[in-house]
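Accompanying notes for the structure given below.
One-based numbering along the sequence shown. Values in this document were obtained by computation on a predicted structure and should not be read as measured data.
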Amino acid sequence: MMPAFLVTGAAGFIGSHSVEWLLKQGKRVVGVDNLRTGHLENLATARTSPNFEWVLADAGDEVAMRALFKQHHFAGALHLAALVSVPESFDDTALNARLNLVVADNLGRLCVEFGCKRLVFASSAAVYGMAAALPNQESAAPQPQSPYAAAKLAAEVMLLGYAASFGLEALCLRYFNVYGPRQDPASPYSGVLSIFTSRFQRNLPVIIYGDGEQTRDFVSVRDVARANGEALLGADVGSGRYNVSTGRPVSLNQVLTIYREMFAGAPAAQYAEARIGDIRHSLGDPSLLRDMLHFEADIPFGLGLRELALEVSG
Ligand code: UD1
């Protein structure tokens with residue numbers, strides 16, 4: 001039987017795209033999700049594949065996960081299941097610690113126990129904090145400024161500790177601002193591009209917090225899915241922490257210019273006071289992942305944004 005790969009958080013935004021990428025490579029995938037923040041509809045395409053097995057389970061349910069590891073002898077695991085909202089990590093610190101640290105630790109230990117050689121872990125640019133020099137390089141001392149960032153960093157440390165101790169291959173991918181189809185626009189703290197897209201499509205004004213000159217390193221979910229997949233499948237890739245970023249800054253005012261080309265009659269943007277704690281500029285140095293995995297994000301921002309805005313509106 002062909003070896004299988006485990007994907008946790010499979011029904012999420014990044015998870016569902018990652019599953020599809022792996023299936024396209026002809027791999028067998030077991031996708032786990034508890035549907036706390038994921039949506040089963042995200043897996044509609046994946047579920048038509050005979051190489052995909054859907055499992056409704058909590059990645060933190062050790063009994064369920066142990067049974068899956070025993071049954072499948074996974075060739076690799078992609079751990080995306082998480083508490084994804086930074087504000088929620090302030091409101092429920094215990095849940096954050098469990099979902100973002102304890103579950104990752106459990107999975108790391110299951111990988112060691114069952115000989116699953118490689119674990120790719122969804123970390124975040126949030127671990128750098130706001131004071132770090134730009135562009136963020138993996139060698140910088142992390143300065144987490146939220147329970148969310150702290151737990152992601154702690155999970156990196158645990159997994160890299162298992163890598164050093166037991167020979168697990170642990171790749172911690174620090175995603176920058178991921179955007180694309182299936183990102184949930186429901187909360188004010190959802191990704192800015194999912195919010196803007198949904199508002200432009202409904203002909204509602206968008207709100208820009210601050211002067212719009214803040215910049216982000218926006219990376220398409222399709223590139224992120226490929227980074228995840230290549231990190232999982234690549235030969236001779238070493239354990240470590242890797243930025244998943246483009247290295248190209250885009251300001252919110254530049255973002256608006258692109259939307260205006262697509263939605264010419266849209267109402268003017270409203271400018272409001274900057275958010276407390278908002279980062280002025282965020283930018284990742286993509287060179288380490290390029291050197292190690294020959295990975296480069298290759299979807300130009302304008303193209304990715306057009307695809308998002310036009311695809312979702314049908
Ligand atoms: C992102 C992450 C966050 C992480 C942080 C630091 C997301 C969704 N959030 O926050 O988890 O802690 O990086 O690495 O990826 N904005 C508007 N109008 C809106 C919504 C947002 O102007 O309607 C602005 C924000 O004030 C911010 C920018 O857009 O300046 C981006 O916001 P957002 O998408 O929430 O991401 P980050 O703040 O970068």
Side-chain angles (χ1 to χ4, degrees), residues 6-9 12-15 17-18 37 59-60 76-86 88-89 96-109 111 118-130 132 135-164 168-179 183 191 216-219 221 223-232 234 237-247 279 282-290 292-293 295 297:
L6 172 69
V7 178
T8 71
F13 164 49
I14 298 175
H17 287 280
S18 301
T37 52
L78 172 60
H79 177 43
L80 302 171
L83 180 149
V84 295
S85 158
V86 174
E88 193 180 7
S89 79
N96 168 65
R98 195 176 80 77
L99 299 192
N100 286 343
L101 171 57
V102 176
V103 175
D105 175 71
N106 279 347
L107 276 178
R109 288 186 290 103
C111 285
R118 191 173 297 174
L119 177 58
V120 177
F121 170 63
S123 187
S124 167
V127 301
Y128 288 112
M130 20 208 316
N136 294 141
Q137 289 181 324
E138 294 85 346
S139 55
Q143 305 169 65
Q145 273 147 5
S146 63
Y148 171 86
K152 286 288 183 185
L153 179 64
E156 286 187 354
V157 173
M158 290 307 296
L159 297 175
L160 291 169
Y162 294 145
L168 172 72
E169 295 169 353
L171 287 92
C172 305
L173 301 185
R174 295 173 169 178
Y175 307 139
F176 280 68
N177 286 67
V178 186
Y179 71 96
Q183 189 172 37
R216 292 294 184 269
D217 189 327
F218 291 108
V219 57
V221 70
D223 278 326
V224 172
R226 185 165 57 88
N228 287 339
E230 287 178 0
L232 203 53
V237 299
S239 294
R241 328 158 122 105
Y242 302 97
N243 291 340
V244 179
S245 62
T246 69
I279 295 182
S282 169
L283 186 65
D285 183 339
S287 54
L288 200 58
L289 199 59
R290 183 170 62 222
M292 201 264 310
L293 207 59
F295 174 85

Nearest 0.5 angstrom please: L159 CG to D105 CG, how far?
7.5 Å
Examine distances only and state if a side-chain atom of D217 and a backbone atom of G247 form a donor-acceptor pair shorter than 3.5 Å.
yes
I279 side, atom CD1; Y128 side, atom OH - distance, nearest 0.5 Å
12.0 Å
Sequence-distant partners of P135, side-chain contact (heavy atoms from CB on, under 4.5 Å), two or more places apart:
L283, D285
Here the salt bridge (charged side-chain N to carboxylate O under 4.0 Å, His left out) pairs for residues 137-152, sequence neighbours left out, are none
Sub-4.5 Å side-chain heavy-atom contact between R174 and S124
no
Taking side-chain contact (heavy atoms from CB on, under 4.5 Å) as the definition, give me every residue that meets it alongside D223, ordered by chain and number, with sequence neighbours left out.
V219, S220, R226, F295, A297, D298, I299
Between the side chain of R118 and the main-chain N/O of A231, is any donor-acceptor distance below 3.5 Å?
yes
Between the CZ atom in F176 and the CZ atom in R216, the distance rounded to the nearest 0.5 Å is 11.0 Å
Once side-chain contact (heavy atoms from CB on, under 4.5 Å) is applied, do any residues pair with A154, and if so which ones, sequence neighbours excluded?
L101
When the side chains of residues 77-86 are checked against the rest of the protein, which donor-acceptor pairs come out under 3.5 Å, sequence neighbours left out?
| from | atom 1 | to | atom 2 | distance (Å) |
| --- | --- | --- | --- | --- |
| H79 | ND1 | T8 | OG1 | 2.7 |
| S85 | OG | E88 | N | 3.1 |

Do you know which two heavy atoms are closest between S245 and G284, and how far apart they sit?
OG-O, 3.2 Å
Can you find a pair of side-chain heavy atoms, one from L173 and one from Y175, that are under 4.5 Å apart?
yes
Supply the atom-to-atom distance F13 CZ to S18 OG, rounded to the nearest 0.5 angstrom.
9.5 Å
Would you compute the distance between atom CG of N96 and atom OG of S146 and round it to the nearest 0.5 angstrom?
7.5 Å
Identify, with sequence neighbours excluded, every residue that meets ring pair (Phe, Tyr, Trp, His ring centres under 6.0 Å) alongside Y179.
F301
Closest approach of V244 to A227 (non-hydrogen atoms, all atoms of both residues)
CG1-CB, 4.1 Å
Taking R241 as the fixed residue, which of L288, V157, L171 is the one that meets the side-chain contact (heavy atoms from CB on, under 4.5 Å) rule?
V157
Give me the atom names and distance for the closest heavy-atom approach of A155 to A104.
CB-CB, 3.9 Å
Less than 4.5 Å apart, side chain to side chain, heavy atoms only: is that true for Y242 and V237?
no
State, to 0.1 Å, how close A132 and Q143 come at their nearest heavy-atom pair, and which atoms those are.
N-NE2, 4.0 Å
Residues L119 and L107: closest non-hydrogen pair is CD2-C, 4.5 Å
Please report the interatomic distance CG(L168) to CZ(R109), rounded to the nearest 0.5 Å.
12.5 Å
